[in-house]
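Reading through the structure tokens given below for one structure.
Only a predicted model underlies this, so the values are computations on that prediction, with no experimental measurement involved. A note on names: the letters A, B, ... follow the listed sequences, proteins ahead of strands, and every chain is numbered from 1.
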Amino acid sequence: MKFFPGCMIHNRYPGIEKSLYYVFENLGISISPLNGSSCCPAPSITKSVSHDLWLEVGKRNIELADNDTIMTACNGCFTTLFEIAEKTGRGDVRHVAEFLYFDVGIDRIRRSITKRLPLRLAVHYGCHFFRPGEYKKFTSQERPNILDELVEAIGSQSVDYRYKMMCCGGGGGVRAGATEVSQDLLEIKLDAISDEDADAIVVICPLCLNQFDNGQKELENSRNKSYGVPVVHYIQLLAVAMGMEPELTGIQWHSISSTDLIEKLVKGEMVEE
Amino acid sequence: MDAELSKTLTRCMQCGTCIGSCFSGRVTALNTRKILMEYMAKGTPIEDHDALWFCVTCYACQERCPRGIPITDIILEARKDLARRKGLPGRLKNAFSYLEKHTAYVPGKEKNVEMRRELDLPVYHSQFDEKARKEVSEIVSRHLKEVIG
Ligand code: SF4
Ligand code: SF4
């Protein structure tokens with residue numbers, strides 16, 4: 001298998017990649033970097049300018065893998081490469097969340113962790129993980145449950161909250177192109193999450209991570225609202241539950257840091273043999 | 001607009017399900033049904049439709065449209081026309097120059113490379129591989145030239 005990092009994981013959140021390699025090694029699945037791969041390119045903003053540009057750069061990335069399975073951990077990369085693979089009939093593209101759920105399975109994940117993480121988590125799927133259904137046929141487009149089940153497999157609780165299926169406000173180039181709007185949406189989402197007193201927000205996409213994490217800092221500066229909810233990628237939690245040092249996940253580099261969460265991650269709850 | 005996409009517009013029955021599904025439409029002037037109607041009537045988004053840039057492309061509207069109209073895809077298509085006439089808004093302008101130059105919308109800086117080293121990870125994005133960077137940069141330039149001349 002080849003890991004496709006995309007810009008965000010390669011250049012901003014390397015801890016996601018580190019965590020993914022740890023998890024795959026633990027599961028006995030061999031994976032290596034897709035050398036020379038570029039920006040996927042990001043589906044919505046690229047298509048807003050040139051569909052052909054999107055297609056040609058995407059195809060190059062797929063061809064680099066030479067028919068090996070391409071593993072992604074970003075909803076944007078997944079969407080671009082998966083759609084192009086479907087359209088051209090070339091390439092096997094997966095998102096790590098659906099791969100863990102369907103190919104590894106909840107039971108095996110439950111058995112492979114060394115400590116449970118008894119956390120209250122607000123899960124956020126990210127729109128492009130499960131929509132449009134034209135391509136993403138593997139789950140419900142209204143109420144997906146893959147991430148909720150993955151979170152429960154590591155001993156955490158997935159708390160329900162208002163607007164769970166709403167966008168984080170980071171998609172479609174809105175974060176860069178219409179920052180106010182992006183912050184309005186993020187604020188609605190964070191207000192709803194903070195009502196539930198969650199230990200963290202769990203995402204499966206580095207763009208959502210960036211929007212929730214750096215976005216909280218921005219809301220603090222521009223609107224005087226402070227939430228202080230840390231944000232993590234699911235693979236970072238899974239790696240810790242499988243025994244990786246929390247520091248290697250890079251969460252100490254995220255904008256919103258919480259010693260409380262790090263303590264809980266370090267401690268966990270031992271799984272009896 | 002793409003002829004096949006524009007044909008789908010005629011199926012709209014003005015039920016409003018799309019607007020009802022749109023979170024962005026609640027906080028902005030984005031009104032999908034109106035955009036589609038105008039698109040149908042004039043074949044082009046009206047001049048000042050900056051609201052097109054408020055769509056987060058969540059695909060909720062497209063998923064729920066009872067007539068199977070690919071609304072989000074149409075919005076992306078409409079943006080192409082708008083971008084050609086009025087350019088890109090906000091920081092999106094920079095994004096494409098980064099893509100062309102660094103083959104990354106989010107280029108890595110020295111400090112990011114340092115983070116990778118700290119985690120003992122290789123540096124292999126095309127941005128850091130001169131042969132790959134040139135190859136991708138050439139593709140991007142060629143297409144952008146067609147768009148912005
Ligand atoms: S949901 Fe579909 S049919 Fe209904 S108004 Fe919107 S585009 Fe038209
Ligand atoms: S895809 Fe765009 S227009 Fe459709 S519901 Fe989402 S934000 Fe609204």
Side-chain angles (χ1 to χ4, degrees), chain A residues 5-8 10-12 14-15 17-18 21 33-39 41-53 56-57 60 64 127-128 131-134 141-142 163 165-182 184-185 188 210 248 250 253, chain B residues 23-24 26-28 30 50 53-60 62-64 70 72-73 76-77 79-80 83 88-92 94-96 99 102-109 112-113 115-116 118-127 129 131-133 135-136 139-140 142-144 146-147:
Chain A
C7 313
M8 284 300 280
H10 190 279
N11 290 339
R12 290 294 181 274
E17 185 171 350
K18 186 77 181 174
Y21 292 152
L34 187 57
N35 290 326
S37 56
S38 67
C39 178
S44 302
I45 80 164
T46 312
K47 285 181 187 169
S48 298
V49 168
S50 166
H51 195 276
D52 294 342
L53 162 56
E56 191 172 344
V57 174
R60 176 189 170 275
L64 281 180
C127 313
H128 293 167
R131 283 196 292 248
E134 181 189 357
Q141 272 67 52
E142 292 294 334
Y163 306 134
M165 294 305 153
M166 176 186 161
C167 175
C168 62
V174 173
R175 194 177 147 77
T179 310
E180 273 293 297
V181 177
S182 169
D184 286 342
L185 293 168
I188 295 174
N210 181 50
L248 291 176
W253 294 325
Chain B
F23 278 102
S24 207
R26 288 193 209 172
V27 296
T28 70
L30 176 62
D50 293 335
W53 297 106
F54 301 158
C55 167
V56 291
T57 68
C58 71
Y59 282 91
Q62 177 160 330
E63 208 55 63
R64 291 182 185 166
T72 316
D73 294 336
L76 290 175
E77 190 70 20
R79 278 181 175 187
K80 285 203 293 197
L88 294 163
R91 285 179 287 128
L92 272 183
N94 310 339
F96 283 88
L99 184 68
H102 303 292
T103 64
Y105 280 124
V106 183
K109 303 173 199 131
N112 306 114
V113 171
M115 286 158 82
R116 294 191 67 84
E118 248 179 75
L119 295 180
D120 210 13
L121 290 167
V123 176
Y124 60 93
H125 188 288
S126 57
Q127 182 191 350
D129 172 338
K131 190 176 153 270
R133 193 195 63 77
E135 193 182 316
V136 177
I139 301 174
V140 178
R142 177 158 39 80
H143 287 286
L144 286 184
E146 274 169 32
V147 176

Could you tell me which portion of [X] (side chain, backbone, both or neither) has an atom closer than 4.5 angstrom to a non-hydrogen atom of chain A?
X: B:Ala95; answer: side chain
X: B:Val113; answer: neither
X: B:Thr103; answer: both
X: B:Cys55; answer: backbone
X: B:Glu135; answer: side chain

How many angstroms lie between atom [atom1] of [X] and atom [atom2] of [Y], to the nearest 0.5 angstrom?
X: A:Cys39; Y: B:His102; atom1: SG; atom2: NE2; result: 12.5 Å
X: A:Glu56; Y: B:Ile139; atom1: CD; atom2: CD1; result: 4.5 Å
X: A:Cys7; Y: B:Leu99; atom1: SG; atom2: CG; result: 7.5 Å
X: B:Arg142; Y: A:Ser50; atom1: CZ; atom2: OG; result: 10.0 Å
X: B:His125; Y: A:Leu34; atom1: NE2; atom2: CG; result: 10.5 Å

Contact summary for [X] and [Y], nearest pair of heavy atoms:
X: A:Arg12; Y: B:Gly108; value: NH1-CA, 4.1 Å
X: B:Ala104; Y: A:Asn11; value: CB-ND2, 4.3 Å
X: B:Trp53; Y: A:Ala178; value: O-CB, 4.1 Å
X: A:Cys127; Y: B:Cys58; value: SG-CB, 3.3 Å
X: B:Leu121; Y: A:Pro14; value: CD1-O, 3.4 Å
X: B:Arg116; Y: A:His10; value: NH1-O, 3.1 Å

Counting heavy-atom pairs under 4.5 Å to chain B, which of [options] comes out on top?
options: A:Val57, A:Thr179, A:Asp52; value: A:Asp52
options: A:Gly169, A:Gly177, A:Gly15, A:Pro41; value: A:Gly177
options: A:Lys47, A:Met166, A:Gln141; value: A:Met166
options: A:Arg175, A:Glu17, A:Met8; value: A:Glu17

*Who passes ring-ring contact (aromatic ring centres under 6.0 Å, His included) against B:Tyr105, sequence neighbours left out?*
B:Phe96
*asked:* Quick check on the interface: out of B:Val140, B:Val136, B:Asn94, B:Leu119, who has the most heavy-atom pairs with chain A under 4.5 Å?
replied: B:Leu119
*Top contributor to chain A interface from B:Val56, B:Leu30, B:Thr28 [non-hydrogen pairs under 4.5 Å]*: B:Val56
*Pick one of side chain, backbone, both or neither for A:Arg60, based on which atoms fall under 4.5 Å of a heavy atom in chain B.*
side chain
_Region of A:Thr46 in contact with chain B, defined by heavy-atom distances below 4.5 Å_ = both
*Could you check B:Leu92 against A:Ile45 for side chain to side chain contact (heavy atoms under 4.5 Å, CB included), going step by step and ending with a plain yes or no?*
CA-CA 8 Å; B:Leu92 272 183; A:Ile45 80 164; 4.0 Å; yes
*For side chain to side chain contact (heavy atoms under 4.5 Å, CB included), just list the numbers for B:Thr72 and A:Arg131, CA-CA rounded to whole Å, side-chain angles, deciding distance to a tenth of an Å, and then say yes or no.*
CA-CA 11 Å; B:Thr72 316; A:Arg131 283 196 292 248; over 6 Å; no
*Could you tell me which residues satisfy side-chain hydrogen bond (donor to acceptor under 3.5 Å, both in side chains) with B:Arg64, sequence neighbours excluded, listed by chain and number?*
A:Glu142, B:Ser21
*Give the intermediate values and the outcome of side chain to side chain contact (heavy atoms under 4.5 Å, CB included) for residues A:Asp184 and B:Arg26.*
CA-CA 10 Å; A:Asp184 286 342; B:Arg26 288 193 209 172; over 6 Å; no
*Residues A:Ser44 and B:Thr57: side-chain donor-acceptor under 3.5 angstrom*: yes
